[in-house]
Trainee: 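Questions regarding the structure given below will be posed in turn.
When a ligand or atom number is given, it counts from 1 through the structure's own listing order.
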Amino acid sequence: MRTLVVEDERRLCNIIKRGLIEEGYAVDAAYNGEDGGYLTESTPYDFIILDIMLPKKDGIEVCQELRGKKVNIPILMLTARDTVEDRIKGLDAEADDYLVKPFAFNELLARIRALLRREGRLKTPRLQVGDLSMDTLTREVWYGERNIELTSSEISKYI
Ligand code: CA
């Protein structure tokens, strides 16, 4: 799973990036809307985390441009402003979900999983090779009936 985080607050961007890497995602980061839009042209991301208030090009514009180009990657928008107008703008721009800052990192992860499930990007959550199986959502690994403990960096080598 490869994702792009577009967020100009570098501290927050790095926290999200580090957290997602720990969860086994491959993560690219952009600090403005222009760079974010540019990266989506060259890389097939599985989902995008897109801040609304961004320099050069805001998240609404980036989202509208992607949808205009028929790019249907799941987009989770972030914003510091929690107004009804902003929510409507984000949804009108065809973002898939909307998270208001500050948020708990676990909620971000849960929303991402929900988005991926909804988009059918996790059609085969269970990988199976012989007696070895893995649930790619919970990241539990089983050998037959036995649960095997793996660190997230060990797991991210394989999926
Ligand atoms: Ca921002």
Side-chain angles (χ1 to χ4, degrees), residues 1-125 135-139 150-159:
M1 286 279 153
R2 186 166 200 95
T3 183
L4 171 66
V5 181
V6 191
E7 166 62 81
D8 59 313
E9 290 162 50
R10 292 191 181 228
R11 209 177 134 261
L12 179 60
C13 191
N14 287 334
I15 290 170
I16 296 173
K17 186 175 171 178
R18 223 178 307 134
L20 289 175
I21 288 172
E22 266 172 39
E23 290 296 313
Y25 294 99
V27 187
D28 291 337
Y31 302 117
N32 66 66
E34 240 171 52
D35 290 350
Y38 180 71
L39 280 170
T40 60
E41 285 171 17
S42 50
T43 311
Y45 293 107
D46 293 292
F47 64 97
I48 301 173
I49 296 170
L50 183 61
D51 186 31
I52 288 189
M53 299 283 281
L54 289 169
K56 294 192 183 170
K57 194 185 278 181
D58 71 26
I60 300 282
E61 271 181 83
V62 174
C63 189
Q64 280 169 338
E65 279 184 13
L66 285 171
R67 296 314 190 215
K69 286 187 253 172
K70 305 281 176 230
V71 175
N72 293 317
I73 309 169
I75 295 176
L76 175 63
M77 284 211 160
L78 301 179
T79 187
R81 301 177 303 179
D82 183 18
T83 66
V84 173
E85 287 76 16
D86 275 353
R87 282 167 190 264
I88 292 171
K89 252 196 247 167
L91 294 170
D92 275 349
E94 294 179 58
D96 297 278
D97 202 359
Y98 195 95
L99 195 55
V100 178
K101 297 180 209 169
F103 50 83
F105 190 71
N106 280 343
E107 183 177 2
L108 178 69
L109 291 177
R111 300 272 190 125
I112 290 169
R113 287 195 299 268
L115 267 188
L116 295 175
R117 271 199 303 273
R118 208 192 308 160
E119 296 292 314
R121 285 176 191 252
L122 292 174
K123 266 184 202 135
T124 50
D135 186 319
T136 57
L137 280 180
T138 62
R139 293 174 177 270
L150 287 181
T151 64
S152 56
S153 64
E154 283 173 320
I155 289 171
S156 59
K157 276 184 210 153
Y158 302 106
I159 59 169

Trainee: Is any side-chain N of the basic residue among Lys69 and Glu65 closer than 4.0 Å to the acidic one's carboxylate O?
Mentor: no
Trainee: With sequence neighbours excluded, tell me which residues meet salt bridge (charged side-chain N to carboxylate O under 4.0 Å, His left out) with Asp35.
Mentor: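 For Asp35 there are no salt bridge (charged side-chain N to carboxylate O under 4.0 Å, His left out) partners, ignoring immediate neighbours.
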Trainee: Pull up every protein N/O/S atom sitting under 3.0 Å from the Ca ion (ligand 1), skipping waters.
Mentor: Asp8 OD1, Asp51 OD2, Met53 O
Trainee: Is a salt bridge present between Lys101 and Glu7, judged by a nitrogen-to-oxygen distance below 4.0 Å?
Mentor: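 So Lys101 pairs with Glu7 through a salt bridge.
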Trainee: Below 4.0 angstrom, N of the basic side chain to O of the carboxylate: do Asp92 and Arg67 qualify?
Mentor: no
Trainee: Got Leu66 and Ile48 here, is their nearest side-chain heavy-atom distance under 4.5 Å?
Mentor: yes
Trainee: Could you walk me through whether Arg111 and Glu107 pass salt bridge (charged side-chain N to carboxylate O under 4.0 Å, His left out), step by step?
Mentor: CA-CA 6 Å; Arg111 300 272 190 125; Glu107 183 177 2; 2.7 Å; yes
